[in-house]
Amino acid sequence: MVQAYILIQTEVGKAAAVAEEISGIPGVTQAEDVTGPYDVIVRAEANNVDELGKLVVAQIQAVEGITRTLTCPIVHI
C-alpha cells in the first residue's frame, strides 16, 4: 500500500468545493481545505505508485477549480 499527501492549489474561492468533491473519490482517505500556500491537503492511498499516479492525474486533477497539485508520497525511514 502506498500513501501520499497531495497538496492542491485552487482558483480563488474554490477550496471548500474542491475539498468536498475530492473527499468522495475512492482512494482518498481525507481532504481538508487549509490556509497557506496550498488551499487543500488530501491524504490518499493506492496499491502501488502507478495506481497512485492514475488517481492523481485521472481523477483528482480532473476536479474543476484545481490549478496545481504536488504529490508527496509517505515514506517510513
What is the minimum heavy-atom distance between [X] and [Y], and which atoms define it?
X     : Y     : result
Gln9  : Pro37 : NE2-O, 3.2 Å
Ala4  : Leu52 : CB-CD2, 3.7 Å
Ala46 : Met1  : O-SD, 3.3 Å
Ile6  : Ala44 : CD1-CB, 3.9 Å
Ala62 : Ala58 : CB-O, 3.6 Å
Glu32 : Ala19 : C-CB, 4.2 Å

Measure the shortest side-chain to side-chain distance between [X] and [Y] over non-hydrogen atoms and say whether it is less than 4.5 angstrom.
X     : Y     : answer
Leu7  : Asp39 : no
Leu70 : Tyr5  : no
Ile66 : Ile60 : yes
Thr10 : Val40 : yes
Gln30 : Ser23 : no

* Asked: Do we see a donor-acceptor contact under 3.5 Å between the side chains of Thr69 and Gln61?
  -> yes

* To do: Step by step, work out the side chain to side chain contact (heavy atoms under 4.5 Å, CB included) result for Leu55 and Ile25.
  => CA-CA 9 Å; Leu55 171 66; Ile25 296 174; 3.6 Å; yes

* How about Arg68: does its CZ atom have over 12 heavy atoms from other parts shown lying under 6.0 Å from it? -> no

* Linking I/L/V/M/F/W/Y whenever any side-chain heavy atoms sit under 4.5 Å apart, do Val2 and Val28 land together? -> yes

* To do: Would you kindly confirm whether Val42 and Val49 end up in one hydrophobic cluster when ILVMFWY residues are joined by side chain heavy atoms under 4.5 Å apart?
  => yes

* To do: Mind checking the CD-NZ spacing from Gln59 to Lys54? Nearest 0.5 Å is all I need.
  => 11.0 Å

* To do: Can you measure from CD (Glu45) to CD (Gln3) and round to the nearest 0.5 angstrom?
  => 5.5 Å

* Kindly determine whether Arg43 and Ile74 satisfy side chain to side chain contact (heavy atoms under 4.5 Å, CB included), including the steps that lead there. => CA-CA 10 Å; Arg43 185 167 176 150; Ile74 297 171; 3.6 Å; yes

